[in-house]
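Fair warning: this is a prediction, and the values are worked out from it, not measured in the lab.
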Amino acid sequence: MIQKIIQMVILCGFLLPVFGQNLDELLDQVDLKLRKDKRYLNINYVVFPNNKIGEELKNLPRLNYREPISFKAADNITYNIVFLKEAVGIDSLVLLYVDQITDRSQGDNTGMFSATGGPQSDTVKALNFKDLYNLQRVRPEAYKALLTEVNRFIRENPDQQPSSLLKILPDEDIKTSLGVASRDNTDYLNYMRANYMHWYPKAKVEKKGKRGAAVATADSINYRIEAGFSRFTFSHRSMDFSLGGASIELGTSEKVLNLVPYQSMAVTGGFRTLVNIAQKKEDIDKSFIIDARLLVRLSLNSESMAKVPFAMVSSPKLMVGNAAGLDVTLTRPFGLPVINLFVMTGSEPSLKNPPMRLVNKDGKYVAYYNISSLEGSMSFFWNTSETMTSRFRLDVGAGYYDVHEAQYTSAYSSTIGKSLIQDDFYPMIALHFNFAPGGADIFGAMIKTLDSQVKAEGWLKVMELEGGHVFRFAAAIVSPPLAREKRLWESDGGALVEVRYRYGF
């Protein structure tokens with residue numbers, strides 16, 4: 001409740017000249033909430049040092065016909081600055097009020113308690129929320145002095161929580177059904193660092209893990225590599241730049257088509273760039289990130305490509321042509337979820353000698369090929385608890401691909417006709433799961449459905465050698481159509497198993 005009211009005050013503050021009365025009522029609501037429920041609000045405070053009280057904290061105006069107040073540098077007077085830390089919908093901390101506490105026991109012989117046993121201290125509200133809001137406009141140097149002291153305490157005491165006014169003990173056993181999600185890029189970065197084939201930078205200073213093992217810093221490794229049977233990526237420190245970095249890739253997978261690697265009978269190469277728009281490169285958790293891959297696909301049209309020993313697939317029936325593409329991810333633009341956009345388009349493959357001889361329902365010799373595909377989605381992240389052991393990602397969007405039919409004479413010597421027979425958009429949904437006890441990535445899985453087929457992928461960490469060499473067992477599977485009949489150009493699905501080696505991630 002207090003957070004929502006404060007958000008309304010912040011959003012409506014610029015309307016003060018026009019809607020002064022409505023804003024005044026909102027400020028009063030905040031003050032009332034702080035007075036009535038402060039024992040039940042998760043708010044904190046720091047003590048303003050007496051030796052830092054300067055002229056900017058003298059003769060401070062207060063509203064509602066109250067006299068101005070001056071901070072006093074006295075030994076028996078302390079000032080508690082109460083504030084709300086970053087919260088949902090609030091990007092920075094907000095000052096709530098300032099308490100003045102006077103210790104009346106100093107200077108007399110009564111000790112800590114009076115004869116009646118009462119405490120010898122008085123607490124008065126020197127500045128309420130309404131006063132502080134007004135102070136930002138009329139005495140910004142005074143407000144800045146208070147805010148600076150709070151930020152200084154938090155910065156200089158990263159391992160110490162500020163004192164809290166919450167007087168109840170939260171039940172740690174109660175779990176929210178909606179899970180826990182970060183307000184910045186933390187969840188996105190956790191996912192990409194665990195699953196993505198390209199490297200994502202980490203902060204320069206890394207803390208030790210819970211088990212005491214030191215975590216390698218981003219500057220300690222010169223190159224990063226992922227190598228497996230179906231894909232290969234590489235980047236070097238010389239490819240890093242001020243706003244991000246670059247890397248290269250080579251693979252056999254198709255992002256949109258329901259095919260396992262090698263089944264497309266094509267090889268895709270790419271150049272990936274990561275742009276981190278922030279004041280400091282290491283502040284990637286709070287920045288706007290653009291992850292873009294420029295792709296080029298080369299069609300081989302060789303059925304033998306799908307007969308590698310680690311791929312269990314039926315004979316390919318759908319050819320793909322030479323193409324170029326773009327795969328872009330944007331982190332929360334304009335307050336939206338993470339945006340993913342993919343497009344691949346090019347020319348038709350060589351149709352002179354297609355690898356598969358098929359006969360359509362009309363009894364004609366045919367071959368099928370794909371030219372264009374695209375996919376767009378939004379990604380949502382959450383964790384089952386604040387420890388971030390079980391992590392989820394949900395992609396919701398749509399995919400598109402086309403299918404063309406080429407008709408032949410009985411000898412396949414030349415085509416006698418071409419037609420577009422498939423040209424549709426389909427809903428797409430993908431659920432990802434990662435298991436990372438103590439922050440160590442152990443297992444990852446994904447299940448995706450598009451056009452009534454299911455594609456599933458997973459990996460399991462099996463070995464990590466000294467120096468950061470990681471080996472994973474990985475698998476991918478595509479099902480046949482589940483809720484409709486199989487089309488002539490579709491296979492019965494397939495599977496692939498492989499071992500992946502990762503270094504520098």
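Around the CD atom of Glu485, the shell of radius 6.0 Å holds no more than 12 heavy atoms that belong to other residues, nucleotides or ligands. Counting heavy-atom neighbours within 6.0 Å of Lys364 NZ, excluding the residue itself, gives a total of 12 or less.
Side chain to side chain, Asn360 and Tyr365 fail the donor-acceptor criterion of an N or O pair below 3.5 Å. Between the side chains of Asn322 and Ser347, not a single donor N or O lies within less than 3.5 Å of an accepting N or O. Side-chain contact check for Tyr501 and His469: at least one donor-acceptor pair (N or O, by modelled atom type) lies under 3.5 Å.
Thr331 places a side-chain N or O within donor-acceptor distance of the main-chain N or O of Ile289, the cut-off being under 3.5 Å. Looking at Asn258, its side chain does come within 3.5 Å of a backbone N or O of Leu450 through a donor-acceptor pair.
Using a 4.0 Å cut-off between charged side-chain N and carboxylate O, Glu156 and Arg152 make a salt bridge. Salt-bridge formation is detected for the pair Arg272/Asp291: a Lys NZ or Arg NE/NH1/NH2 atom is positioned less than 4.0 Å from an Asp or Glu carboxylate oxygen.
With a 6.0 Å cutoff to the six-membered ring centre and a 45° limit on the axis angle, Arg224 does not count as a cation-pi contact of Phe505.
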Apply the test side-chain hydrogen bond (donor to acceptor under 3.5 Å, both in side chains) to residues Asn383 and Ser390: give CA-CA distance (whole Å), side-chain angles for both, the deciding distance (0.1 Å), then the verdict. CA-CA 6 Å; Asn383 311 275; Ser390 299; over 6 Å; no
Given the rule in the side-chain hydrogen bond (donor to acceptor under 3.5 Å, both in side chains) test, do Ser491 and Gln263 qualify, once you have shown the distances and angles that lead to the verdict? CA-CA 9 Å; Ser491 68; Gln263 203 171 15; 2.9 Å; yes
Applying side-chain hydrogen bond (donor to acceptor under 3.5 Å, both in side chains) to Thr345 and Ser372, what does each step give before you reach the verdict? CA-CA 4 Å; Thr345 187; Ser372 300; 2.7 Å; yes
Test Ser230 against Glu498 for side-chain hydrogen bond (donor to acceptor under 3.5 Å, both in side chains), laying out the working first. CA-CA 8 Å; Ser230 63; Glu498 61 179 321; 2.8 Å; yes
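Taking each heavy atom of Tyr408 and Leu351 in turn, the nearest pair found is OH-O, 2.5 Å.
Among residues two or more places apart in sequence or in another chain, the salt bridge (Lys or Arg N to Asp or Glu O under 4.0 Å) test is passed with Lys255 by Asp327. Among residues two or more places apart in sequence or in another chain, the side chain to side chain contact (heavy atoms under 4.5 Å, CB included) test is passed with Thr148 by Lys144.
Ring geometry for Tyr400 versus Phe425: interplanar angle of 30 to 60°, hence tilted. Classified by interplanar angle (parallel below 30°, tilted 30° to 60°, perpendicular above 60°), the ring pair Trp489/Tyr368 is tilted.
Of the options Ser299, Pro349, Ser264, a side chain to side chain contact (heavy atoms under 4.5 Å, CB included) to Met319 is made by Pro349 and by none of the others.
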